[in-house]
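Each chain gets a letter, A, B and so on, in the order its sequence line appears, and its residues count up from 1. No experiment lies behind these values; they were computed from the predicted model shown.
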Amino acid sequence: MQPLFIYNTVTRKKEEFKPINPPFVGFYVCGPTLYSDVHIGNCRTFTSFDIMYRYLLHLGYKVRYVRNITDVGHLEDEVAGEGEDRIGKQARIKQLEPMEIVQRYSFGFREVMSLLNTLPPSIEPTASGHIPEQIEMIENIIKNGFAYVEDGNVYFNVEKFAEANNYGILSGRSIEDQLNNTRDLDGQQEKKGRLDFALWKKAKPEHIMRWKSPWSIGFPGWHIECSAMSQKYLGNTFDIHGGGMDLIPTHHTNEIAQSVGCCGQAPVNYWVHTNMLTLNGQKMSRSLGNVFLPVELFTGKKLSSNSPSATPSQAILEDKHPLFDKAFSPMAVRFFMMQTHYRSTLDFSNEALTASEKGFERIIDAFKTLQNLTSSNSSSEDIKALQQKCYDAMNDDFNTPVLIANLFDAVRIINSCNDKKLNLTQNDIEVLKTIYNDFVFNIMGLKLEEANNKANNVLDNVVNVLLNMRNQAKTDKNFTLSDEIRNKLIEAGIQIKDSKEGSTWKLN
RNA sequence: GGUCCUGUGGCCGAGCGGCUAGGCUGAGCUCUGCAAAAGCUCCUACAGCGGUUCGAAUCCGCUCGGGACCUCCA
C-alpha cells in the first residue's frame with residue numbers, strides 16, 4: 001500500500017498515516033448545523049473531506065465515515081450558554097416543528113452534496129437521536145470530577161481539566177493565555193471559570209426541544225454530541241477527525257476535553273482541518289452575511305426571497321446574480337475547489353472559476369480523445385512514471401493541485417499522440433485510461449456532465465447529418481455552404497472540431 | 001489588545017535549501033480552403049530590507065500589506 005502522509009493539526013506536521021486497526025479506518029467529520037441552507041463555503045469543506053474519503057477507499061481501506069447532523073443544542077451565544085437554540089428559533093419564526101426545519105435543510109444539503117458528486121457518509125447521526133448517549137457521557141465526566149451541576153445546568157470545568165491535561169493541545173494556546181486574553185463577555189454568572197462550557201442546559205419555558213435528564217428537563221450542549229457519537233460509532237480512540245479550521249479553538253478543543261474527561265484517553269490520532277472559502281478576501285460565513293448558495297452558483301441566478309427553500313430542485317430563482325458572470329456547473333465548481341489545496345484559503349472569483357472551467361473541459365475532452373487513440377509498437381513517454389507522480393501528489397497530504405498538474409501532462413500527451421506527434425503503446429493507453437478512471441473519476445470524483453438520454457442521442461444524430469453535409473460541401477469546394485453550416489451551428493451553441501480523421505463536435 | 005497563518009509572473013495557484021509545477025489570459029508558429037480545436041514556442045515571478053549558507057521563493061530577524069481565531073460559524 002502507498003504510504004500516505006497527512007497533516008496533523010496536533011503536531012503541525014505531516015505524519016505517515018497508520019490506522020489503529022488496518023484495513024479499517026474510523027473517520028469522523030463535523031457536519032452542518034441545519035438551521036438554514038448550507039452555503040458554498042460549507043460545501044468546500046465537505047468536498048475536501050470527500051476527496052480524502054475517496055482516496056482512502058481507493059487505497060483499499062475499509063472506511064467508516066461518520067458525518068453528523070447537528071439538529072439541537074447549538075445556541076446563538078455559545079460562550080455564555082445563553083440565547084435560543086438555533087434550530088428552535090427558526091422553528092418558532094417559521095411556525096414549524098424543529099424536525100421540519102431540520103428535514104427541510106437536510107434534504108437541501110444532501111441534494112447539493114449529491115450534485116457535487118460527494119459520496120454519502122457511512123453513518124449520518126443526528127444529535128437529537130443520541131440524547132441517552134450524551135447523558136451517559138456527561139454522567140461519566142461528572143463522575144470523573146471534570147464537570148459540575150449548577151441549577152439544572154451542567155458545565156465542564158476547564159481549569160480543573162487543565163491541571164493535568166493540555167487543554168490547548170489543538171489550538172496551541174496556553175490556558176493562561178486563553179484566560180487572560182479573552183474579550184469581555186456577558187452571561188457568565190453561573191460558570192465557575194470563563195472557559196467553562198455547557199454540557200447540559202436546562203430548558204427555558206419557550207424552548208421547544210427538551211428531554212429528561214438527571215439534572216433538568218433540557219437539552220445537550222453543542223460540543224457533546226460529536227464526542228458521544230464519534231465514541232459510539234468509532235470507539236474511544238479512532239483514526240481521523242476532520243472539520244473546518246474555525247472549529248479548532250472551541251468545538252474541537254472542547255471535544256477533546258470531554259472525551260479525555262470521560263474516558264481518560266485522546267479520542268483522535270489525526271486531526272485534519274480544512275481552510276475557509278473567502279469572498280473578496282473575507283471569510284464566507286453565515287454570521288457575516290456574505291454568503292451565496294450553491295443553487296445560485298449553479299444557475300447564475302439569485303434565489304427569490306419568496307422561494308420556500310434553496311434546494312436546487314425546488315428553488316424559485318430571480319434574475320441574474322450580481323456576483324456571477326454566468327452559471328457554473330457543479331463539476332466545474334468541484335474542479336475549481338480541487339485546484340487549491342484544502343489547507344489554503346480558496347478565494348472565489350469569476351475569473352478563477354472561468355479559468356478552472358476551461359481547464360476542466362480540456363481534461364474531459366482529452367478523455368474522449370483517449371478512447372480513440374491509435375497505438376504504436378514503441379513509446380516515447382513514461383506513462384508509469386506519470387501514474388506514480390499522481391500517487392505521490394495524493395500521498396503528500398492529498399495534494400490535488402499537484403495531481404491536477406500531472407493530469408494536464410497526461411492531457412498534453414494524449415493530444416500529442418492524437419496529432420501523431422508522439423507514440424504510445426497499447427499498454428500506455430491502457431495505463432492512461434486507468435489514470436483517468438482512478439484519479440479523475442474515482443478519487444477526484446469528477447464525472448461527465450452530459451446526460452446520455454434519448455434527446456441527446458437524437459441531437460447527436462442530427463448534428464452528424466449536418467456535419468456530413470458540410471463535409472460533402474467541403475469536398476465539392478463549396479466553402480460558402482460549408483462555412484454557413486459551421487457558423488449556424490456555432491450560433492446554435494455547437495462547436496466543431498476538424499481533424500484529419502473527420503469532424504467532431506461539442507456543446508459550447 | 002493577544003495568538004496564529006499568509007504575501008509567488010496579467011489572473012488563479014503549487015512549492016517545505018540546489019534541479020526554477022500546472023491552469024487561464026496574451027503573442028508568434030505548425031496544421032487548416034479559411035477558421036475553430038490541438039500541438040509547439042515566448043512573456044520566468046517569488047512584498048521590502050537585512051542576515052545564515054557554497055547556494056534561499058523556501059531558514060532567521062525587522063518593516064509594510066492581507067487574513068483567521070480569541071463570541072456562533074465548515
Chemist: Let's test this: given Watson-Crick or G-U wobble pairing with both distances under 3.5 Å, identify the partner of B:C42.
Modeler: B:G26
Chemist: With C1' as the reference atom in both, quote the distance from B:U44 to B:G33 in angstrom, rounded to an integer.
Modeler: 39 Å
Chemist: For B:C60 and B:U25, measure between their C1' atoms and round to the nearest Å.
Modeler: 38 Å
Chemist: For A:S344 and for A:F360, locate the closest nucleotide of RNA chain B by heavy-atom distance; then report the residue assigned to the nucleotide nearer the 5' terminus.
Modeler: A:S344
Chemist: Could you tell me whether the side-chain ring of A:F46 sits stacked on the base of B:A74, using a centroid cut-off under 5.5 Å and a plane angle under 30°?
Modeler: no
Chemist: Any strand counts, and the cut-off is 3.5 Å on both contacts for Watson-Crick or G-U wobble. Which nucleotide pairs with B:U32?
Modeler: none
Chemist: With a 4.0 Å cutoff (strictly under), does any side-chain N or O of A:N350 reach OP1 or OP2 of B:C12?
Modeler: no
Chemist: Calculate the interatomic distance between A:E351 atom CD and B:G26 atom C1'; express it in whole Å.
Modeler: 16 Å
Chemist: Whether A:N42 contacts B:A74 is assessed here as follows: a side-chain N or O lying under 4.0 Å from the phosphate OP1 or OP2. Is that the case?
Modeler: yes
Chemist: Counting side-chain heavy atoms from CB outward, which of B:A74, B:G22, B:A38 is closest to A:D419?
Modeler: B:A38
Chemist: Tell me: CD of A:E176 to C1' of B:U3, nearest whole Å?
Modeler: 14 Å
Chemist: Please determine whether a side-chain nitrogen or oxygen atom of A:R194 lies at a distance below 4.0 Å from atom OP1 or OP2 of B:C70.
Modeler: no
Chemist: As a test of reading the structure: which of B:A37, B:G23, B:A74 is closest to the side chain of A:Q495, going by heavy atoms?
Modeler: B:A37
Chemist: Mind checking the P distance from B:A27 to B:A36? Whole angstroms is fine.
Modeler: 11 Å
Chemist: Using a 4.5 Å cut-off on heavy atoms from C-beta on, say whether the side chain of A:M284 contacts that of A:M276.
Modeler: no
Chemist: Output yes when at least one side-chain N/O atom of A:S174 is less than 4.0 Å from OP1 or OP2 of B:U3, else no.
Modeler: no
Chemist: Choosing from B:G39, B:A74, B:G13, which nucleotide comes nearest the side chain of A:H39?
Modeler: B:A74
Chemist: Nearest to the side chain of A:A355, heavy atoms from C-beta on, is which of B:A74, B:G23, B:C34?
Modeler: B:G23
Chemist: Which one, B:C34, B:C16, B:C40, comes nearest to the side chain of A:R412?
Modeler: B:C40
Chemist: Side chain of A:S171, backbone of A:P249: donor and acceptor closer than 3.5 Å?
Modeler: no
Chemist: Give a yes or no on whether the backbone of A:D392 and the side-chain of A:D396 come within a donor-acceptor separation of less than 3.5 Å.
Modeler: no
Chemist: Does A:D438 use its side chain to pair, donor to acceptor, with the backbone of A:I435 at less than 3.5 Å?
Modeler: no
Chemist: Can you tell me if the side-chain N/O atoms of A:R173 get under 4.0 Å from OP1 or OP2 in B:C70?
Modeler: no
Chemist: Using a strict 4.0 Å threshold on nitrogen-to-oxygen distance, state whether A:R334 and A:D50 make a salt bridge.
Modeler: yes
Chemist: Separation of A:L353 atom CG from B:G13 atom C1', in whole Å?
Modeler: 14 Å
Chemist: Given B:C4, is OP1 or OP2 found less than 4.0 Å from the side-chain N or O atoms of A:R12?
Modeler: no
Chemist: Could you tell me whether A:S287 contacts a base, only the sugar-phosphate backbone, or nothing, with contacts defined as non-hydrogen atoms closer than 4.0 Å?
Modeler: base
Chemist: Is a side-chain donor or acceptor of A:T9 paired with a backbone partner of A:W271 at a separation under 3.5 angstrom?
Modeler: yes
Chemist: Regarding A:L277, tell me which of base, sugar-phosphate or nothing describes its non-hydrogen contacts under 4.0 Å with the strands shown.
Modeler: base
Chemist: What integer distance in Å separates A:L403:CG from B:G22:P?
Modeler: 15 Å
Chemist: Whole angstrom is fine here: how far is it from CD in A:Q339 over to C1' in B:C12?
Modeler: 8 Å
Chemist: For A:K477, look at atom NZ and say whether over 12 heavy atoms of other residues, nucleotides or ligands are found less than 6.0 Å away.
Modeler: no
Chemist: Just how far, in rounded Å, is P of B:A21 from CG of A:L407?
Modeler: 18 Å
Chemist: Taking any heavy-atom pair under 4.0 Å as a contact, classify A:A352: base, sugar-phosphate, or nothing.
Modeler: sugar-phosphate
Chemist: For RNA chain B, whose closest nucleotide is more 5', that of A:G172 or that of A:K283?
Modeler: A:G172
Chemist: Under 4.0 Å between a side-chain N/O of A:K474 and OP1 or OP2 of B:U32, yes or no?
Modeler: no
Chemist: Check for a donor-acceptor pair, side chain of A:T278 on one end and backbone N or O of A:K283 on the other, with a separation under 3.5 Å.
Modeler: no
Chemist: In whole Å, measure the gap between the P atoms of B:C24 and B:A37 for me.
Modeler: 11 Å
Chemist: Heavy atoms from C-beta onward define the side chain here; which of B:G33, B:G39, B:A74 lies closest to that of A:D483?
Modeler: B:G33
Chemist: In whole Å, measure the gap between the C1' atoms of B:U6 and B:U63 for me.
Modeler: 16 Å
Chemist: Is there a side-chain polar atom (N or O) of A:R362 under 4.0 Å from OP1 or OP2 of B:A37?
Modeler: no
Chemist: Provide the distance between the two P atoms, one in B:C64 and one in B:G15, to the nearest whole Å.
Modeler: 29 Å
Chemist: When all nucleic acid strands are considered with a 4.0 Å heavy-atom cut-off, which category describes A:I496: base, sugar-phosphate, or nothing?
Modeler: base
Chemist: Between B:A38 and A:K420, is there an OP1 or OP2 to side-chain N/O distance shorter than 4.0 Å?
Modeler: no
Chemist: B:G39 phosphate, OP1 or OP2: any side-chain N/O from A:N415 under 4.0 angstrom?
Modeler: yes
Chemist: Considering only the P atoms, how many Å lie between B:G1 and B:G22, rounded to the nearest integer?
Modeler: 43 Å
Chemist: Given B:A14, B:C72, B:U3, identify the nucleotide with an atom nearest to the side chain of A:D177.
Modeler: B:U3
Chemist: For A:N117, does its backbone N or O pair with a side-chain atom of A:S114 as donor and acceptor, under 3.5 Å?
Modeler: no
Chemist: Please state the P separation for the pair B:G39 and B:G23 - nearest whole angstrom.
Modeler: 9 Å
Chemist: Can you check the A:N399 CG to B:A14 C1' distance for me, whole Å?
Modeler: 7 Å
Chemist: Pick base, sugar-phosphate or nothing for A:K14, based on heavy-atom distances below 4.0 Å to the nucleic acid.
Modeler: base
Chemist: Measuring from the side chain of A:P401 (C-beta onward, heavy atoms only), which nucleotide among B:C69, B:G39, B:G13 has the closest atom?
Modeler: B:G13
Chemist: How would you label the contact of A:E357 with the nucleic acid (heavy atoms, under 4.0 Å): base, sugar-phosphate, or nothing?
Modeler: nothing
Chemist: A:M276 side chain: which of B:G39, B:A74, B:U25 is closest?
Modeler: B:A74
Chemist: Among B:A74, B:G22, B:G33, which nucleotide has an atom closest to any side-chain atom of A:F408?
Modeler: B:G22
Chemist: Which nucleotide, if any, forms a Watson-Crick or G-U wobble pair with B:C54, using both distances under 3.5 Å?
Modeler: B:G18
